[in-house]
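Just below is one structure, and these are the notes that go with it.
Numbering of ligands and ligand atoms starts at 1, following listing order. As the structure is a prediction and not an experimental result, all values here were calculated from the model. Residue numbers count from 1 along this sequence.
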Amino acid sequence: MVHVNSNYLKLKAGYLFPEIARRVNAFTAKSTNLPLIRLGIGDVTEPLPKACRDAMKLAIDEMGTHNGFHGYGPEQGYAWLREVIAKEDFQSRGCEVSAEEIFVSDGSKCDSSNILDILGERNKIAVTDPVYPVYVDSNVMAGRTGDAAGHGRYEELIYLPINADNGFEAQIPTEKVDLIYLCYPNNPTGAVATKDQLQNWVNYANENRALILFDAAYEAFIQDKDLPHSIFEIEGARTCAIEFRSFSKNAGFTGIRCAYTIIPKTLYGQSSNEKIDLWGLWNRRQSTKFNGVNYVVQRGAQAVYSSEGKSQIASLVDFYMKNASIIRRELLAAGLTVYGGKHAPYVWIKTPSGIDSWAFFDQLLEKAYVVGTPGSGFGYAGEGYFRLSAFNSRENVITAMNRISSL
Ligand code: MLT
């Protein structure tokens, strides 16, 4: 009989969002026709921007001609997309990132997991707690952790708690770690990092020859012009960081699938004391295991940077951020303690005293027909918190808030 990857057997629960869907389905199967409002998974709801749709329609028509047909594209993405990303997302903000350092992909979730392919097995890994569960589960699957250690934690991982007491700011570890996952604006807490805070991480990483995996999937939601959108705005990041970016949340591409990862050519790891460049390894990995994002979708992503695209995307972000401010305002008025939601599409709520995260989930589901995400699903230190996403229609957000307020 074939041997399985027994690392998978260490996983304690199903992946968080399918697990929530399972519980919601079980509830709706008992109680028919409930007008449920889903503020759980951070999936966008507004239609695709017109600029992107138009570009994709044109591209599909091109594909129907001999001259415009495209077969396999470059595994790293088309040069015209990589160039516009480098210019608009980085060089315009003073960051030294070249088109060649951008690898277009089908999602940040995939990239943040696949990156483990090029990293060694003996790295000491730090994650925040709570954390986007993909970082932990992908390490478990790849055998980079020990066994389950109780409370949803795993042996050998280093957990950096983020909570109200430390202002949801992960503290720099006192020990030496090799790999650090950071996500700002933060999923799930909605916290943001200042330049000074990121500078401390970059200094730590360079001093300890560590690598930061920086997830900036929510950067478009930052409202304050002084907050950094990229780790590459920070001096020294080019020798210690990889960044993940996505078109999912700003341009509504969750169903279309397009993202990108930046690996500076100045970034090195080691193998038996030999210095190895990570760009080269990732390029090798992508050319072997990935055939690139399809042409039509890359044309849609390129349209994000047209003047119409930029303004349509700004309206989408404003729309969701207005939802976030309604959620914050109404929950505060209802007497709850809330965090986040100012530079991120997630509002992080302290559950009322004596009610744990899953009990609060059940209460909102059963009494308000509102689906959220229990904080404990993001890690042990998320217990006692609850996440609501701002991705829904205005009407649904207002109705959900009315229902919660009247509980
Ligand atoms: C979330 O709800 O945390 C997001 O949907 C995560 C993701 O984008 O995969």
Query raised in the report: Heavy-atom count around Glu19 CD within 6.0 Å, excluding the residue itself: above 12?
Result: yes

**Report entry** Aromatic ring proximity Phe214/Trp201, centre distance under 6.0 Å
**Finding:** no

Query - Any residue meeting side-chain hydrogen bond (donor to acceptor under 3.5 Å, both in side chains) with Tyr135, in chain and number order, not counting sequence neighbours - result: Asp215

Requested in this report: For ligand 1, would you mind listing the residues that have at least one heavy atom less than 4.0 Å away, ordered by chain and number?
Outcome: Phe17, Ile41, Gly42, Tyr132, Asn187, Tyr218, Lys249, Tyr346, Arg387

Query raised in the report: Are Tyr218 and Tyr184 an aromatic pair by the rule of ring centers under 6.0 Å?
Result: no

Query raised in the report: Taking 4.0 angstrom as the limit, do Lys310 and Glu88 come out as a salt bridge?
Result: yes

Query - Intermediate values then yes/no, side chain to side chain donor-acceptor pair (under 3.5 Å), Arg284 and Thr288 - result: CA-CA 6 Å; Arg284 183 71 173 85; Thr288 306; 2.6 Å; yes

